[in-house]
Amino acid sequence: MKRILSWVSWWLIGTCALAVQPSVALAAEPDVANWLMRLHDAPRQRAYVGTFVVSAGNTMSTSRIWHVCNGSQQIERVDALTGVRRSTFRRDDSVVTFWPDSRTVVRETRESLGLFPNLLQRPDANIGRFYRLKRIGHERVAGIESEVVQLEPIDALRFGYRVWTERQSGLVVKLQTLGANAQVLEQAAFSELQFNTPLAFHQLKVLMENTQGYQVHSPSARKTTVAQEGWALGAGVPGFMPVRCYRGVDAADAGVDSSLQCIFSDGLASVSVFVEPFDASRHVRVDAHDNLSMGATYLRVRRLQDWWLTAVGEAPGSTLTALLQALERKK
Amino acid sequence: MSDKLPASDEWVSALMDGELRGEEFAQAVEVLCDSPQARQDWDTYHLVGAALRSRSADLRWHDPAFMDCLRARLADADAAAALADAPVALPAVQAVTPVRVANDGWWLRVAGLTSVVAVAFGLWQGWNSLGGGAQLGGAILAQRSTPAQPVASSTLVASQQDAAVMLRDPRLDALLAAHRQHGGVTALQMPAGFLRNATFDEGAR
């Protein structure tokens, strides 16, 4: 009888252990996802006006921000206070940028803004697999009581993040990108923030739509895939999945309009890989061994036969190099 | 002062010369508000003063219709609108009427000569920098691919072994801008990522 009781007790312990094990694993993952969802929903709940400061490498940029929401939609205006004058308006995923000096307006739809939270709900969503959420405590930022959370990467292939969110709504008020040994590579924060301003949705909408006296450009980019363009991705980098590919991205006046841009992301970090035909007159300036960076944004290049590949993204240089090495020409 | 009320142009003249105080000052301002003729005199005196003080070729006086419209619009504006109505899309309406003055030719000649000197200085500087060849281990300092391209402000740091150099290249800046534009596909994108990208100084267009 003793032996039977002993066997039953061990069986019960084992069963409980098996039952507990998956629930622990499941509990960790939704925590990151839930926290991110709250962060994403916050701008839909609160209107605010503030001054935003971004510090990356040796540069510091400032902007003035007006944000209004009406429950389902949100609209905001970002006036750059540093460098060339420009005002960027965003209404959900529609973005209009005014360049007053050149009397130019760029009107575009940024699908990337609408991708989240769908990105979290994909079967291959793996933010919880590659980052651990750690609550740090409380701090005041721009006069706002905020919670501090750290997203720690599980390996050296991605950066960490420290995020300050307003306690009531979860709005991000400060964000740091952390390199090895928690070194701050880049930070963005409100230096001043006021909630519940009397701005009305339609006031910003009228300003956003008033392009009179401006020349309006609408850059066109054709969606494509890595395979359609004759490329294949080998082993790649754990966690980084192809998200979007564009052909004909009209980014600026420096000859990238015909290049292929493929975006890879692990959910938090993103890397763009640009593919162009090799041109000796333009592409020899940067060497494959150059370690180029600006704040948390790194850049790596690779020449592959008649092609010139450039990886740009908020990830360590070794990750960019691995992504470039994983691309193979098929056609 | 005589018992007879001065004409409106005398009020305006005295006001401009700073001769009025107290009651007389208040009366002059009242005249200015009530009389279109007085306001025109006010504009004319300012225009004459500006013409005497400067040799500008582009002196203008106010368009009364525009000023009336502006006053009406200002009266309607509320505090909230003032927060958001820093001029972004200025309508292509000229607010002033141009008046040409006699020293046009002189000004144009000076402007032309100044431009020639500026271009010559620029060419001389450009020639010197080309000769200098600011190249360091494959990285190029202050490289500009086309003269028309404005200076982009993104500065990449190129670390090669133990050395670190600053690298500015319009083409790399364009790639950075394209990445910020289309590559921000992260869970932290909204709202901090978008604000970060919109705040970044991307140089001129």
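Order of the sequence lines sets the chain letters (A, B, ...), proteins ahead of strands, with each chain counted from 1.
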Side chain / backbone / both / neither for [X] at chain B, heavy atoms under 4.5 Å:
X: A56(A); result: side chain
X: T62(A); result: backbone
X: V78(A); result: side chain

Checklist entry - Does Q215(A) CD have over 12 foreign heavy atoms under 6.0 Å away? => result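 No - once you tally the heavy atoms of other residues, nucleotides and ligands closer than 6.0 Å, there are 12 at most.
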Checklist entry - For atom CZ of F25(B), is the number of surrounding heavy atoms from other residues, nucleotides or ligands below 6.0 Å larger than 12? => result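 Incorrect, the count does not exceed 12.
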Checklist entry - For residues E314(A) and H179(B), is any side-chain donor paired with an opposing acceptor at under 3.5 Å? => result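 A donor-acceptor contact under 3.5 Å links the two side chains.
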